[in-house]
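Inspection log for the structure reproduced underneath, given as structure tokens.
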Amino acid sequence: MSLSHRLPHAAAAAVDPYYVYAPHPDPQRQGVLTLFVAGLPDDVKPREIHNLFSHRPAFDHCLLEYTGRANQVVAFVTFFTHEAALSAMTSLNGTIFDPETGYRLHIELAKSTSRRPRGGGEVYRVIDKRTNKTEGNADENVGDEVDEEVWGGDEDGANDDNGDGESDEPSGTENENSSDKNELPADQSDQPRHKKQNGKSLSNDGRDKSSNDIPPCSTLFIANLGDTCTKDELNEVLSKEPGFDVLKMRRRGGMPVAFADFTDIESSTAAMNSLQGTVLASSDSDGLHIEYARSKMRKS
DNA sequence: AGCACA
């Protein structure tokens with residue numbers, strides 16, 4: 001039934017050597033108690049986030065947000081101390097959240113600490129901006145308006161962090177009231193909803209999960225790069241993906257494109273899913289467009 | 001939409 005017979009190292013890798021973080025990567029985020037969590041499948045439930053993080057030491061509270069952009073879902077998890085947040089980040093970052101799709105958690109410090117929920121902490125806090133709940137939800141609340149009531153996190157003075165691209169990957173935004181739409185991080189969206197697609201097992205022809213026509217390949221084709229994008233900038237992001245091997249960039253006249261090779265198709269698929277739509281500092285539109293390459297990279 | 005290297 002499931003593909004358990006060909007699971008690689010899958011869920012076993014809760015901690016990943018690729019996700020070793022420097023103790024203080026960004027001075028701007030040093031006091032922050034909240035983690036920003038991306039790489040979540042669109043059918044994720046608040047309970048799942050809570051179950052995953054609430055057993056961590058010094059856990060405080062968490063919030064799940066269906067952003068309404070693409071199929072993106074992000075979470076904000078707050079701890080009582082900065083160290084506890086970092087600890088949870090390093091041990092859970094890179095965790096395969098859904099072995100069937102290869103989605104991996106991408107965790108970083110949030111831009112600012114989430115405000116404490118007012119009343120109690122028992123209820124799952126959710127912001128749901130989705131207008132069309134096609135996936136993973138039985139009930140249809142189509143006329144649902146955006147709930148923006150919770151959380152107006154705006155007391156931070158830290159906004160633009162375009163310093164010297166140290167791990168410059170985009171971070172989540174907490175200002176859902178803001179009109180800025182350029183702060184969305186990883187966007188694993190590309191799964192076009194089939195007519196009767198239910199969140200769980202895709203009854204596909206049995207192959208591609210994201211790229212539509214191109215068969216899976218351990219090399220990824222990366223497009224929609226800003227014209228100022230450098231190989232180093234791209235490398236920064238890709239090197240955090242497990243199994244990443246070689247990056248080649250070329251600009252053929254127009255916009256640059258890149259090819260990233262991974263050790264295997266599982267890795268390239270997971271990387272594609274988690275990096276799809278990632279907005280780099282050099283990006284100017286929708287972020288990275290990633291597909292399987294049409295042919296595997298040759299090395300010599 | 002844009003897919004090279006040998």
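As judged by a 4.0 angstrom heavy-atom cut-off over every strand, A:Met255 is placed among residues making no nucleic acid contact.
Taking 4.0 Å as the cut-off between side-chain N and carboxylate O, A:Asp42 and A:Arg130 do not count as a salt-bridged pair.
Under a 4.5 Å side-chain heavy-atom cut-off, the cluster of Ile, Leu, Val, Met, Phe, Trp and Tyr residues that includes A:Ile265 has no other member.
Within residues 222-231 of chain A, the residues approaching DNA chain B are A:Ala223, A:Asn224, by heavy-atom distance under 4.0 Å.
Here A:Ala270 pairs with A:Arg104 under the side chain to side chain contact (heavy atoms under 4.5 Å, CB included) rule; sequence neighbours left out. In terms of the salt bridge (Lys or Arg N to Asp or Glu O under 4.0 Å) criterion, residue partners of A:Lys296 (sequence neighbours excluded) are, by chain and number, A:Asp261. With sequence neighbours left out, the salt bridge (Lys or Arg N to Asp or Glu O under 4.0 Å) criterion links A:Asp98 to no other residue. Legend: residues meeting side chain to side chain contact (heavy atoms under 4.5 Å, CB included) with A:Pro256, ordered by chain and number and at least two apart, are A:Leu225, A:Met249, A:Arg251. Applying the side chain to side chain contact (heavy atoms under 4.5 Å, CB included) test to A:Thr230 and every residue at least two apart in sequence or in another chain returns A:Asp232, A:Glu233.
Within the structure, every pair that satisfies the ring-ring contact (aromatic ring centres under 6.0 Å, His included) test and touches residues 215-239 of chain A, not counting sequence neighbours, is listed here: A:Phe221-A:Phe259.
Chain A approaches DNA chain B over the interval B:dA1 to B:dA6, counting the first and last nucleotide 5' to 3' with an atom under 4.0 Å from its heavy atoms.
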